[in-house]
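Taking it in order: structure first as C-alpha cells, then the write-up.
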Amino acid sequence: MRLMQFIAVLLMPAALAGCVRLTIAWADLEPSGPPATPDIWELEGVGVAEASSLTASLWENAYAPVIRRQLQEHVYGYLPDASSISVKSRTVVDENAYGGRGQLEEIVLTATATFEGRTVETPPFMINLAVPKDLTGSVPIIISESFTPRWVAMGHEGVSKPEGSEDFMPSGIIRSVLLFVFGRYVGTSPVADILDRGYAFAAMYPGEYVPDEAEGGLAALRSLSEGHAEDRTRWGAIAAWAWGFSRAIDALEEDPRFDKDGFVTYGHSRYGKSALLAAAFDDRVAAAISHQSGTGGASLNKRKKGESVKEITDAYPHWFSEQYAAYAGREDDMPIDQHHLLALAAPRPIFLGNARRDVWSDPNGALKAAIGADPIWKSYDAQSGLQQDSYRSFVPEAVVSLWMRPGTHGVVEEDWPAFLQFMDAHFQ
Ligand code: GCU
C-alpha cells in the first residue's frame with residue numbers, strides 16, 4: 001500500500017468525526033423528548049383561524065406563501081425571482097447501456113438566475129439520463145444529485161468528464177473502506193435495478209455550477225445572485241442545488257418519454273436537504289426521496305439532537321444563509337421550523353430515510369417534524385399523510401413514509417429496495 005493511502009486510512013475516522021460520534025448512540029424509535037412540535041396552523045403573520053376553516057385551500061393561499069418567504073428569509077436565503085435554461089446539446093452516449101436495459105444520454109445546458117432584475121448565467125453543466133429501452137408510454141424519472149460526480153454516480157464509463165477532472169471516488173483500499181463505512185450506494189445508484197423497475201434515472205452533479213466548498217461555493221453563489229443586495233439573506237448552496245433540480249425538470253418536462261406527474265427528486269444527506277427544498281418550492285416535483293437529510297433538511301431545528309445549527313453553519317458556511325447561522329444557540333427565536341418545509345410538499349408523497357445509529361442527522365427530529373406537518377396532508381385528504389407514529393413500522397404506501405434501518409450514515413444495499421417500494425406504491 002502506498003504511504004499516502006496508508007495514512008489516509010489511519011486518518012479516516014478523524015475525518016469522519018461527525019459520523020464517528022453518530023455511531024456510538026442509537027436513535028429512539030418513538031418520538032421522544034421536547035418539544036411537542038408546535039401546531040402548524042399557528043403561524044406568526046397569519047391570523048389564527050377557526051378549526052373548521054383549516055382547509056387545504058387556506059393552507060395554499062394564506063400559509064404556504066408566508067412559509068416559503070420565511071424559509072428563504074431565515075434558513076436557505078432567497079431563490080432567484082426568475083430562471084431559465086438553454087440546452088446546448090442532447091447526445092445518446094450508449095444505446096445499449098446497463099446490459100441492454102437502457103439508453104444512456106447526456107444533456108449539456110446552462111441556466112440563468114435573475115435576482116432583482118440582474119440575470120447571470122451558470123457555466124455549462126450536464127445531466128446524464130438512463131432511459132428504459134423500448135418504451136411504449138411515459139415513465140416516472142428519479143432525478144438524483146450526489147456528492148460524487150455524474151460519471152461516478154451513473155456507473156458507466158461513457159459518461160463524459162470535464163477536462164482534468166479527477167475520479168473523486170478513490171480506488172483500491174480507500175474505496176473499499178469508504179464503501180464499507182458509507183454503504184455500497186453512497187456514490188453510485190443501482191441504475192440497472194431502477195431501469196428494471198420501469199423508471200428512468202437522471203444524475204446531476206451540482207458542484208458543476210456551485211461547488212461544495214466554502215470559498216469556491218460562496219464565490220459562485222455570490223456571482224449568480226449579484227442582484228441580491230443583502231448578504232444576510234443571500235442564497236446558500238442547499239438552495240442553489242434545489243434550484244438545480246428544477247432546472248433539470250425544465251430540461252426534461254417537454255420530453256414525452258417522461259411522465260409529467262413523475263419527476264421525483266432524490267438525494268442523500270446534503271442533497272436530501274436539497275431534494276426536499278425542491279419539492280417545497282416547485283410543484284412539478286411529484287415526490288421527494290430524501291435520505292438522512294438531517295439538520296437543515298427533515299429534522300427540527302429547535303431543541304434537537306445531533307448536529308446543531310452552530311455545527312452545520314460553522315462547518316459548511318456556504319450551505320445556508322448567514323441569517324440561519326445567526327440563529328445558532330437561539331433556535332427558539334426562529335419563526336418557523338423544518339416541519340414547515342415538509343408540509344410544503346403536501347399533498348405529494350415524501351420518503352424520509354433514516355438509520356438507527358445516525359443520530360447526527362437526528363431521525364427523531366425528522367419523525368417529530370413529519371408528525372408536525374401531517375395535519376397539512378390530512379387537510380387535503382383525511383386518509384392521507386403519515387400512517388405510522390414511530391419507526392417501528394415502514395409503510396411505503398403512505399404519502400408520508402419514514403424508513404428506519406439499522407446501521408449508520410450512508411446509502412447501503414437495503415436502502416434502494418425501500419426507495420423503490422415507495423416508488424412502486426405511488427407511481428406504478
Ligand atoms: C455532514 C453534515 C451533514 C450532512 C452530511 C452529508 O455530516 O454535518 O449535515 O448531511 O455531511 O451530506 O453527508
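Indexing begins at 1, ligand by ligand and atom by atom, following the structure's order.
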Does any N or O of ligand 1 fall below 3.5 Å from an N or O anywhere on [X], backbone included?
X: K273; value: yes
X: H268; value: no
X: W319; value: no
X: E307; value: yes

May I ask you to decide if the ring planes of [X] and [Y] are parallel, tilted or perpendicular, using 30° and 60° as cut-offs?
X: H291; Y: F419; answer: perpendicular
X: Y324; Y: F320; answer: tilted
X: W241; Y: H318; answer: perpendicular
X: Y209; Y: F125; answer: tilted

* Best match, H409, H291, R270: closest heavy atom to atom 12 (O) of ligand 1 ->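 Looking at heavy atoms only, R270 sits closest to atom 12 (O) of ligand 1.
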At the 4.0 Å heavy-atom cut-off, does [X] count as touching ligand 1?
X: E311; result: no
X: I312; result: yes
X: Y316; result: yes

* Any idea which heavy atoms bring I143 and A248 closest together, and the distance? ->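 Looking at all heavy atoms of both residues, the shortest contact is CG2-CB, 4.1 Å.
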* Is any NZ, NE, NH1 or NH2 atom of the basic residue among K304 and D362 found under 4.0 Å from an Asp or Glu carboxylate oxygen of the other? ->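 A salt bridge is present here (some side-chain N lies under 4.0 Å from a carboxylate O).
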* Asked: Is D261 salt-bridged to R284, cutoff N-O under 4.0 Å?
  ->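 Looking at D261 and R284, the cut-off is not met.
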* May I ask you to identify, for F182, whether its side chain, its backbone, both or neither come under 4.0 Å of ligand 1 on a heavy-atom basis? =>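 Neither; no heavy atom under 4.0 Å.
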* W360 and ligand 1 - part of the residue with a heavy-atom distance under 4.0 Å ->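 The answer is the side chain.
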